[in-house]
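Chain letters run A, B, ... following the sequence lines, proteins first and then strands; every chain starts at 1. On a predicted model such as this, the values are computed, not experimentally measured, just so you know.
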There are 6 protein chains.
Amino acid sequence: MRLSARNQIKGTVLEVKTGATTSHVRVDIGGTVMTSSITNEAVDDLGIKVGGKVIVVVKASDVMIAVD
Amino acid sequence: MRLSARNQIKGTVLEVKTGATTSHVRVDIGGTVMTSSITNEAVDDLGIKVGGKVIVVVKASDVMIAVD
Amino acid sequence: MRLSARNQIKGTVLEVKTGATTSHVRVDIGGTVMTSSITNEAVDDLGIKVGGKVIVVVKASDVMIAVD
Amino acid sequence: MRLSARNQIKGTVLEVKTGATTSHVRVDIGGTVMTSSITNEAVDDLGIKVGGKVIVVVKASDVMIAVD
Amino acid sequence: MRLSARNQIKGTVLEVKTGATTSHVRVDIGGTVMTSSITNEAVDDLGIKVGGKVIVVVKASDVMIAVD
Amino acid sequence: MRLSARNQIKGTVLEVKTGATTSHVRVDIGGTVMTSSITNEAVDDLGIKVGGKVIVVVKASDVMIAVD
């Protein structure tokens with residue numbers, strides 16, 4: 001499956017923190033860590049676990065820019 | 001200003017493509033390129049231009065995970 | 001590629017309307033039409049065209065509920 | 001109230017799973033199931049319950065397209 | 001129609017700037033101005049024009065918090 | 001830090017409701033209350049508490065418009 005989302009970055013799962021309905025997954029994308037908030041169901045369905053190889057995906061319209 | 005968004009990644013602007021109301025900004029975050037879709041007004045207001053140092057910002061709830 | 005996004009619905013492209021930087025794609029998902037706003041680059045990259053078979057993808061945290 | 005969101009699809013609630021602050025609502029939109037992640041407060045306020053008639057609402061800029 | 005989105009704020013349209021596919025609508029919500037980026041189609045469909053009374057709607061999961 | 005997000009509104013925290021992974025923060029922006037859903041980690045990191053002065057931040061592409 002190829003996806004319209006412009007941002008697709010390979011990484012390795014560092015942490016999976018599971019809440020009542022929502023999990024937070026932290027992914028190392030090469031020195032930088034990205035945090036994702038997804039459903040527990042998605043974590044189970046994709047078998048996301050610490051050390052697993054994943055792709056972080058973000059739609060361009062959800063990316064902001066800041067300057068110092 | 002400190003922001004609740006969990007993903008804040010330093011980078012350098014590679015390209016600014018300006019449309020009628022919406023611009024696409026491509027940022028090198030260390031080998032990986034991220035694409036942001038923001039208003040032309042924001043580009044002007046922040047003085048975003050090629051070669052500029054910026055911070056890419058994404059809210060955790062906008063980050064998805066994929067597996068091969 | 002399998003994706004954490006909980007909503008993945010098969011459909012057929014009805015219309016592609018291209019702007020300066022952003023395209024609107026209308027997809028028939030079985031009688032119902034969904035509208036997507038994505039980058040022109042994604043339209044080109046995925047070869048999205050009228051009559052093409054696609055999958056509409058939405059993250060659960062972007063879905064609202066209304067009642068009459 | 002009429003809303004700018006381009007995607008408004010009628011359906012029937014299949015499941016409401018309530019977490020500590022966030023609920024997941026699954027809605028049958030005619031054979032296809034959509035999953036929504038909303039606040040518990042919204043579930044209570046709108047009286048969302050299994051079997052209830054609802055409208056699934058998604059902004060066009062939150063809809064991605066994938067191809068196989 | 002009642003909506004799960006927790007943020008619904010009454011205001012008056014100050015400006016509508018129309019692009020090729022996307023419009024920017026600026027709304028005065030009582031001294032503060034909010035900017036919305038929506039499809040041209042939505043602007044036409046809802047008859048949004050300067051001086052019109054509208055409601056600004058934002059899902060809670062799209063609201064960030066910053067501190068100085 | 002200056003941010004591309006077009007909506008940045010000053011307010012005072014009225015309530016912080018903490019879940020297992022996600023918190024809901026209610027902010028008074030001058031008579032109107034806005035609700036934000038963010039990670040518990042962000043609440044801790046920014047020291048968000050009742051009575052604190054904050055800025056509510058929303059990207060323009062996440063703002064919808066409704067009419068009665």
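In this structure, CD on D/Glu41 lies 11.0 Å from OG1 on D/Thr21, to the nearest 0.5 angstrom. Taking CZ from D/Arg6 and OG from C/Ser37, the interatomic distance works out to 12.0 Å, rounded to the nearest 0.5 Å.
When the candidates C/Val56, C/Asp68, C/Leu46 are compared by the number of heavy-atom contacts under 4.5 Å with chain D, C/Leu46 comes out ahead. Here D/Met34 is the residue among D/Lys10, D/Lys59, D/Met34 with the most heavy-atom pairs under 4.5 Å with chain C. With respect to chain D, the highest number of heavy-atom pairs below 4.5 Å among C/Val67, C/Val43, C/Asn7, C/Val58 belongs to C/Asn7.
Proximity to chain C (any heavy atom under 4.5 Å) is restricted, for D/Thr32, to the side chain, taken from C-beta onward. Only the side chain of D/Ile48 comes within contact range of chain C, with heavy atoms under 4.5 Å apart. In this structure, no portion of C/Leu3 lies under 4.5 Å from any heavy atom of chain D. Of the atoms belonging to D/Ile9, it is side-chain heavy atoms, and not backbone ones, that fall under 4.5 Å from chain C. Residue contact with chain C, scored on non-hydrogen atoms closer than 4.5 Å, involves the backbone and the side chain of D/Asp62 alike.
The main-chain N or O of C/Val63 is found under 3.5 Å from a side-chain atom of D/Ser36 such that the two form a donor-acceptor pair.
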Could you give me the CA-CA distance, side-chain angles and deciding distance for D/Val27 and C/Ile65, then say whether side-chain contact (heavy atoms from CB on, under 4.5 Å) is met?
CA-CA 9 Å; D/Val27 178; C/Ile65 303 285; 3.8 Å; yes

Residues C/Asn40, C/Thr18; criterion side chain to side chain donor-acceptor pair (under 3.5 Å); working and verdict
CA-CA 7 Å; C/Asn40 294 348; C/Thr18 303; 5.0 Å; no

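Taking both residues in full, the closest heavy atoms of C/Thr12 and C/Lys53 are given as OG1-NZ, 3.1 Å, listed atom of the first, atom of the second, then distance.
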